[in-house]
Every structure is written in C-alpha cells, then in structure tokens.
Engineer: 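This structure is in structure tokens; I'll ask about it shortly.
Just so it is clear: chains get the letters A, B, ... in the order the sequence lines come, proteins before strands, and each one is counted from 1.
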Number of protein chains: 2
Amino acid sequence: MNIGQAAQASGVSAKMIRYYESIGLIPKTVRTEAGYRVYSDRDVHTLRFIRRARDLGFSVEQIADLVSLWQDRERASKDVKAIALEHVTVLERKIRELQEMASTLTHLARNCHGDTRPHCPIIEELANDEAGHLHVKPDAKFGALGKAPVR
Amino acid sequence: MNIGQAAQASGVSAKMIRYYESIGLIPKTVRTEAGYRVYSDRDVHTLRFIRRARDLGFSVEQIADLVSLWQDRERASKDVKAIALEHVTVLERKIRELQEMASTLTHLARNCHGDTRPHCPIIEELANDEAGHLHVKPDAKFGALGKAPVR
DNA sequence: ACTTGACCTTCCCATCATTGGAAGGACTAA
DNA sequence: TTAGTCCTTCCAATGATGGGAAGGTCAAGT
C-alpha cells in the first residue's frame with residue numbers, strides 16, 4: 001500500500017504520515033526500489049489509533065506514550081489511565097477559561113443596545129482603566145481562538 | 001516613557017509591543033535620537049485595551065477591528081456587538097468540543113481499573129477498528145492542548 | 001572620566017501541528 | 001509515447017509568543 005492509500009484508509013493525511021515518521025512517532029517504513037513508502041494493514045491500524053488520540057486532543061508527545069503503551073502487552077492499565085486523567089484535567093481547566101471568557105462577553109453584549117448609536121459597554125469595558133483586569137487570565141497554554149494548529 | 005515602562009504599565013511584554021507595531025496593530029512610535037521608542041499615557045491606554053481583548057480570547061485580527069471601532073466616536077454599537085457575539089459563538093463551539101473530549105475520556109477512564117494488569121478500555125477504544133470514530137471531530141480551529149501560543 | 005549594569009535596538013530561531021507548494025522522479029493506462 | 005496521477009524531498013507559512021545574541025545607550029557610582 002502506498003502512502004496515499006494508507007492516508008485514505010487511516011484518515012491521516014500523507015503529509016502528516018511523513019511528519020510523524022520524521023519525528024519518530026512511527027517507525028520508518030519499508031520502501032520500494034523507487035523509494036516509495038509501503039504500508040501494511042498493521043501500519044494503518046496504528047495510524048488510526050493515532051488519529052483517534054488526536055481527535056481526543058492528546059498532544060503528539062502524549063500519543064507517543066499511548067502508542068508505546070498500546071504496543072506493550074505487559075503494561076499496567078494505571079499508566080494509561082494516568083495519561084488520560086491528566087489530559088482530562090487540562091481539558092477541564094481550558095473549558096473553565098473559555099466559559100469565563102464567553103460569559104463575560106455575553107454579559108457585556110447583553111448590555112449593549114446593538115443599534116446605530118455609538119454607546120457600547122463592550123468597548124467601554126475594554127477601555128476601562130479602573131478595572132485593570134477582566135475575569136479571565138488565560139494560562140500560557142492556549143492562545144486566541146481561530147488560528148491554532150489542529151485536528 | 002521607554003518600552004520597558006510601557007510594558008510594565010500595560011501588562012503587554014516589550015516583545016509583544018514591538019510585534020504589534022511590526023504587524024501594524026499599533027502605529028509606529030516616536031523615537032529618541034538614539035532610536036529608543038517613546039510611549040505616552042495614551043499609548044499605554046491603547047495597549048491595555050489590547051491586552052484585555054487578548055485576555056478575552058480575541059484574535060489580533062479581531063482586536064484590530066475593535067481598536068479602530070474604539071477610536072471611532074461615530075461607530076455604531078452593533079458593529080462592536082457583532083464582533084463580540086461572533087466570538088462568543090466560536091468560544092461556545094470550542095467549549096462543546098472540549099467537553100465532549102473530556103467526557104469521552106472520563107467515561108473510558110471510569111471503566112479502567114487503573115491497576116497493574118494490562119487490560120485497559122482506553123487503549124482498546126483507541127485501537128478499535130470497528131468504531132472508526134470517536135465522539136469528537138475537532139474543527140480546524142484549535143489544536144491539541146498544551147502547546148499552542150498564547151495571551 | 002571611566003566602568004558597571006540595566007536598558008534599548010534589530011535580527012534570527014523555536015514552538016506545535018498542519019497545510020501548501022515547487023521541482024523532479026515513478027508509475028499506469030490509453 | 002504521452003498524459004495524468006502518484007510519489008519523493010525540501011522549504012515556507014500559519015499565530016502569538018518567548019529566547020537569545022550582538023551591539024548601542026544611558027544613568028549612577030567610583
């Protein structure tokens with residue numbers, strides 16, 4: 001199977017497969033004489049495992065751990081559980097931050113007429129020198145919405 | 001006021017002030033003969049406005065809009081409100097995604113003994129060829145947790 | 001006057017996951 | 001043979017930010 005077919009079958013783009021190989025998340029594949037990468041069903045299985053973990057928001061670093069645990073038949077389930085629960089903690093913190101942002105904005109928007117007049121509490125709050133702070137102080141983990149990498 | 005003092009007073013790092021200038025979010029400042037940037041209280045006020053908007057998760061692009069609306073005394077409040085509400089929509093979608101990730105993982109972890117035996121539903125779910133999909137399909141806006149840029 | 005140390009300048013690099021594209025080789029079907 | 005699709009590697013960009021180097025400037029203390 002060539003990389004394109006493996007990509008199709010696993011849901012991981014060919015670009016990302018090469019990238020995962022380059023960073024050592026997956027081992028280097030066998031090549032044809034012409035240099036084409038060749039994938040087995042087993043490789044596709046691994047790629048799907050990786051894609052699902054990405055869908056759950058695990059970082060590549062965490063996925064590397066999960067993959068090796070997956071392939072280790074002697075592993076303790078607590079090792080896997082620990083990674084999962086740690087990730088849940090991070091997810092929940094981020095959820096709280098976003099909820100605070102959303103509720104602050106919703107509150108401000110509710111008090112904004114939204115008409116053609118210039119008065120607007122949203123702008124006024126942002127410009128307010130007194131307040132000095134808003135409800136949310138994002139930690140150094142997640143940035144603005146709308147641009148970050150993905151999947 | 002030099003850039004360090006402006007940074008202190010506004011809560012925006014000197015690095016970011018120079019960056020914001022380079023991308024045109026804030027205008028080029030006056031310089032001393034030696035080339036030092038000089039800031040007024042008004043500039044600091046603008047920087048604080050920007051920092052608060054960042055704290056609420058607005059992208060630099062959105063902030064550029066907000067800043068120009070802020071400085072336009074004739075602007076209609078609906079223009080500001082529209083930006084805020086659009087952002088709230090994005091925030092809420094992201095919150096939902098993260099909640100689904102967290103609940104899927106929590107569910108799996110609850111069914112994992114977390115002992116020294118190898119049996120682990122978390123790994124099994126990730127490796128499951130049948131399921132083909134998990135609950136969450138992140139959109140192309142936000143990446144894995146734990147690494148993205150910020151504030 | 002000279003040194004020290006804190007500040008400033010610009011420039012480049014790294015992050016993280018991902019996409020895009022260019023240039024060129026390989027394969028397949030007509 | 002040729003067209004078209006696939007593959008290869010390499011380089012660049014994304015967004016917001018931090019880190020650091022190399023060098024200039026300033027203010028205070030000796």
Engineer: Between B/Ser59 and D/dG15, does any side-chain N or O lie under 4.0 Å from OP1 or OP2?
Structural biologist: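 Result: no.
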Engineer: Taking only residues two or more places apart in sequence or in another chain, which ones pass side chain to side chain contact (heavy atoms under 4.5 Å, CB included) with B/Ala82?
Structural biologist: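 For B/Ala82 there are no side chain to side chain contact (heavy atoms under 4.5 Å, CB included) partners, ignoring immediate neighbours.
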Engineer: Please determine if a side-chain N or O atom of A/Arg37 lies less than 4.0 Å away from the OP1 or OP2 oxygen of D/dT8.
Structural biologist: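 True: A/Arg37 side-chain N/O within range (under 4.0 Å) of D/dT8 OP1/OP2.
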Engineer: Side chain of B/Asn2 only, please: which of C/dC8, D/dC7, C/dT19 is the nearest?
Structural biologist: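 Looking only at side-chain atoms, B/Asn2 lies closest to C/dC8.
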Engineer: Send over the distance from B/Gln8 CD to C/dA6 C1', rounded to a whole Å.
Structural biologist: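 Value for this atom pair: 14 Å.
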Engineer: Using 0.5 Å steps for rounding, measure from the CD atom of A/Glu100 to the CG atom of B/Leu56.
Structural biologist: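 If I round to the nearest 0.5 Å, the distance is 10.5 Å.
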Engineer: Measure OH/B/Tyr19 against C1'/C/dT9 and give the value in whole Å, please.
Structural biologist: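 Distance, rounded to whole Å: 20 Å.
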Engineer: According to side chain to side chain contact (heavy atoms under 4.5 Å, CB included), who are the partners of B/Arg42, at least two apart in sequence or on a separate chain?
Structural biologist: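 With sequence neighbours excluded, B/Arg42 shows a side chain to side chain contact (heavy atoms under 4.5 Å, CB included) to B/Ser40, given in chain and number order.
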Engineer: For C/dT18, take OP1 and OP2 only and decide whether either is under 4.0 Å from a side-chain N or O of A/Ser13.
Structural biologist: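 No, outside the criterion.
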Engineer: Expressed as a whole number of angstroms, how long is the span from B/Ile23:CD1 to D/dA13:C1'?
Structural biologist: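 For the pair B/Ile23 CD1 and D/dA13 C1', the rounded distance is 15 Å.
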Engineer: What's the CE-C1' distance between B/Met16 and D/dA16, to the nearest Å?
Structural biologist: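 One finds 5 Å between C1' of D/dA16 and CE of B/Met16, rounded.
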Engineer: For A/Arg31, which residues count as a side chain to side chain contact (heavy atoms under 4.5 Å, CB included) partner, sequence neighbours excluded?
Structural biologist: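 Side chain to side chain contact (heavy atoms under 4.5 Å, CB included) list for A/Arg31, sorted by chain: A/Glu21, A/Thr29, A/Arg37.
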Engineer: So, taking the atom named CG in B/Leu108 and the one named CG in B/Leu126, what distance separates them when rounded to the nearest 0.5 Å?
Structural biologist: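 If we round to the nearest 0.5 Å, B/Leu108:CG and B/Leu126:CG are 7.5 Å apart.
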Engineer: Does A/Glu86 have any side chain to side chain contact (heavy atoms under 4.5 Å, CB included) partners at least two apart in sequence or in another chain, and if so, which?
Structural biologist: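 With sequence neighbours excluded, A/Glu86 shows a side chain to side chain contact (heavy atoms under 4.5 Å, CB included) to no residue whatsoever.
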Engineer: Quick one: salt bridge (Lys or Arg N to Asp or Glu O under 4.0 Å) partners of B/Arg73, sequence neighbours excluded?
Structural biologist: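 Residues passing salt bridge (Lys or Arg N to Asp or Glu O under 4.0 Å) with B/Arg73: none at all.
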Engineer: Tell me, for nucleotides 24-30 of chain C in 5' to 3' order, what letter each nucleotide earns: B for a base near a protein heavy atom under 4.0 Å, S for only sugar-phosphate near one, - for neither?
Structural biologist: -BBS---
Engineer: For B/Asp115, what residues pass the side chain to side chain donor-acceptor pair (under 3.5 Å) criterion, not counting sequence neighbours?
Structural biologist: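 Testing B/Asp115 for side chain to side chain donor-acceptor pair (under 3.5 Å), a comparison that skips the adjacent residues, returns A/Ser77, B/Arg117.
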Engineer: Please report the distance, rounded to the nearest Å, between CZ in A/Arg54 and C1' in C/dA17.
Structural biologist: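 My rounded result for the distance is 6 Å.
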Engineer: A/Phe58 has an atom CZ; how far is it from atom C1' of C/dA17, in whole Å?
Structural biologist: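 Taking CZ of A/Phe58 and C1' of C/dA17, I get 17 Å after rounding.
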Engineer: Could you tell me, to 10°, how much the axis swings from one end of the helix from C/dA1-D/dT30 to C/dA30-D/dT1 to the other, five pairs per end?
Structural biologist: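 Rounded to the nearest 10 degrees, the bend comes out at 30°.
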Engineer: In chain order, what residues pass the ring-ring contact (aromatic ring centres under 6.0 Å, His included) check against A/Phe49, with sequence neighbours excluded?
Structural biologist: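 By the ring-ring contact (aromatic ring centres under 6.0 Å, His included) rule, A/Phe49 matches A/Trp70.
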Engineer: Whole angstroms only, please: what is the CZ-P distance between B/Arg18 and D/dG19?
Structural biologist: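 It works out to 14 Å between those atoms.
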Engineer: What's the closest nucleotide to the side chain of A/Tyr20 if the choices are C/dT9, C/dT18, C/dA17?
Structural biologist: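 Among C/dT9, C/dT18, C/dA17, the one nearest the side chain of A/Tyr20 is C/dT18.
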Engineer: Reading DNA chain C from 5' onward, which residue's closest nucleotide shows up sooner: B/Gly4 or B/Lys15?
Structural biologist: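 Checking each residue's closest nucleotide, the 5'-ward one belongs to B/Gly4.
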Engineer: Check the distance between C/dC8's P and B/Arg31's CZ and give it to me in whole angstrom.
Structural biologist: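 Spelled out: CZ on B/Arg31 to P on C/dC8 is 12 Å.
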